[in-house]
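Take a look at the structure set out below.
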Amino acid sequence: MAIRKDDLHKLIDLLDERHNKFVYEFLQKLADKMLGVDQMEIEYDDSPLTDSERELVREAEKEIKKGEFVKWEDLKDEL
């Protein structure tokens, strides 16, 4: 079954923006492994955060303080 990149983009668009960093790092590791490189150069968006993005960061920081997160080390071992 062929999966179109457009379908992958749609799935990513459905994800909550709070997960952007995780998804980025996951895809980065996958691409690095497939291409046999240590780190691909991908330009990132460094534009100022919107009000809604700042609110998401505040919510994420609260969750982190409560211990509501998964450590990257624990997660990458499952990959």
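Any value given below was found using the heavy atoms of this structure, including those in side chains, with hydrogens, waters and symmetry copies removed.
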Using side-chain hydrogen bond (donor to acceptor under 3.5 Å, both in side chains) as the criterion, list what pairs up with [X], not counting sequence neighbours.
X	value
E63	R18
E25	K21
R54	D51
D6	none

Check whether any side-chain heavy atom of [X] lies under 4.5 Å from a side-chain heavy atom of [Y], and answer yes or no.
X	Y	result
L56	D16	yes
M34	L30	yes
Y24	K29	no
L27	I12	yes

Could you list the residues that satisfy side chain to side chain contact (heavy atoms under 4.5 Å, CB included) with T50, not counting sequence neighbours?
S52, E53
Can you name the residues that form a side chain to side chain contact (heavy atoms under 4.5 Å, CB included) with K65, not counting sequence neighbours?
none
Provide the closest heavy-atom pair for K5 versus H9 in the form atom of the first, atom of the second, distance.
O-CD2, 2.6 Å
L15 with W72, same ILVMFWY side-chain cluster at under 4.5 Å:
yes
If hydrophobic clusters are built by linking Ile, Leu, Val, Met, Phe, Trp and Tyr wherever their side-chain heavy atoms come under 4.5 Å apart, do L11 and I3 end up in the same one?
no
For the pair R4 and D7, find out whether any cationic side-chain nitrogen is under 4.0 Å from an anionic carboxylate oxygen.
yes
ILVMFWY clustering at 4.5 Å (side-chain atoms), partners of F69:
I64
